[in-house]
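Here the structure is laid out as structure tokens; the discussion comes afterwards.
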Amino acid sequence: MRIRRIAVTLAALLAVLCASAPAPAPAQEKLRVLATFSILGDLVRNVGGDRVEVTTLVGPNSDAHVYSPAPADAKKVAAAQVVITNGLGFEGWMARLVRASGSKASPVVATKGIKPRKQAAHGHGHDDSDPHAWQSVANAKTYVANIRAALIAADPAGKAAYEANAAAYLDKLDALDNEVKEAVARIPQERRRIITSHDAFGYFQAAYGVEFVAPQGVSTESEASARDVGRIITQIKRQKIPAVFLENITDPRLIQRISAESGARIGGRLYSDALTDEKGDAPTYLDLIRHNVKQLMAALAS
Ligand SMILES: [Zn+2]
């Protein structure tokens, strides 16, 4: 009788212990998503949340225009269930990499539906679309919609989660878009003009009305010609352009030379085609836009 009572007590105790211990998480496979570069990877993480495992090819502070894939990248592509690219000619190396990987995933183009800006001056007969669509926050919302659709198609069970994540992030993008507009409105009209090394801010210019002039075209592949550099130095002097900016992905020497020869001061470093690492100023897309606007304000507002 006594032994039985002890046994019952033990059983009850055990039941309580089991109930209070966290239930073992079901070994849920995360959706393996590959994004070609750091900015896109961040957008995918925001929509995918903890249902996805995101891998990127071109890392922080690195230049996707001139990236050359390593053999390990083909393995990353092969392992991915969803492959997401920027498109608009940004990742010229991607089609070959996908073929080499043997992947059956057909890449999703995150800029689908965005009206491409055409590069004006550098016509060489090939596709001169400007790929830097993410520099307009309104365009980033299109990226998010395309990413949401791609994740839902690959993982229908996550539909509600992806929709909720995307909605929360889209709210942040709306707030950010307003922040940028309000900041630019405080810059005197005649000072809304700056120099960068490559032409990465055309969508920012179109959306927010700050004019960017660059000696290099929309890709860092082509070097600036002496004539282009000379033309820009003349333009800086004639239009009294207040500042030139470095970028986190390009060689600083070109801008340093333009600054020295024109007298325009270096206004800081803008993040054009890549995030920084975790310790930098722009480990996320939201940080990247905020950082750039802060730099522009500091150089142009007064
Ligand atoms: Zn670029």
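One-based numbering, in listed order, for ligands and for the atoms of each.
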Are Trp134 and Phe204 close enough that their ring centers fall under 6.0 Å?
-> no

Sort by chain and number the protein N/O/S atoms that are closer than 2.8 Å to the Zn ion (ligand 1), and list them.
-> His65 NE2, His132 NE2, His198 NE2, Asp273 OD2

Between Arg51 and Leu151, is any pair of side-chain heavy atoms under 4.5 Å apart?
-> no

Compute the centroid of each ring, for Tyr67 and then for Trp93, and state whether the two points are separated by less than 6.0 Å.
-> yes

Side-chain hydrophobic cluster, 4.5 Å single linkage: members besides Ile249 | none

Listed once per pair and sorted, the salt bridge (charged side-chain N to carboxylate O under 4.0 Å, His left out) pairs that draw on residues 286-302, sequence neighbours left out | Glu179-Arg290

Connected to Ile236, directly or through other members, by ILVMFWY side-chain contacts below 4.5 Å are Ile195, Val213, Val229, Ile232, Ile233, Ile241, Val244, Leu246, Leu254, Ile255, Ile258, Ile266

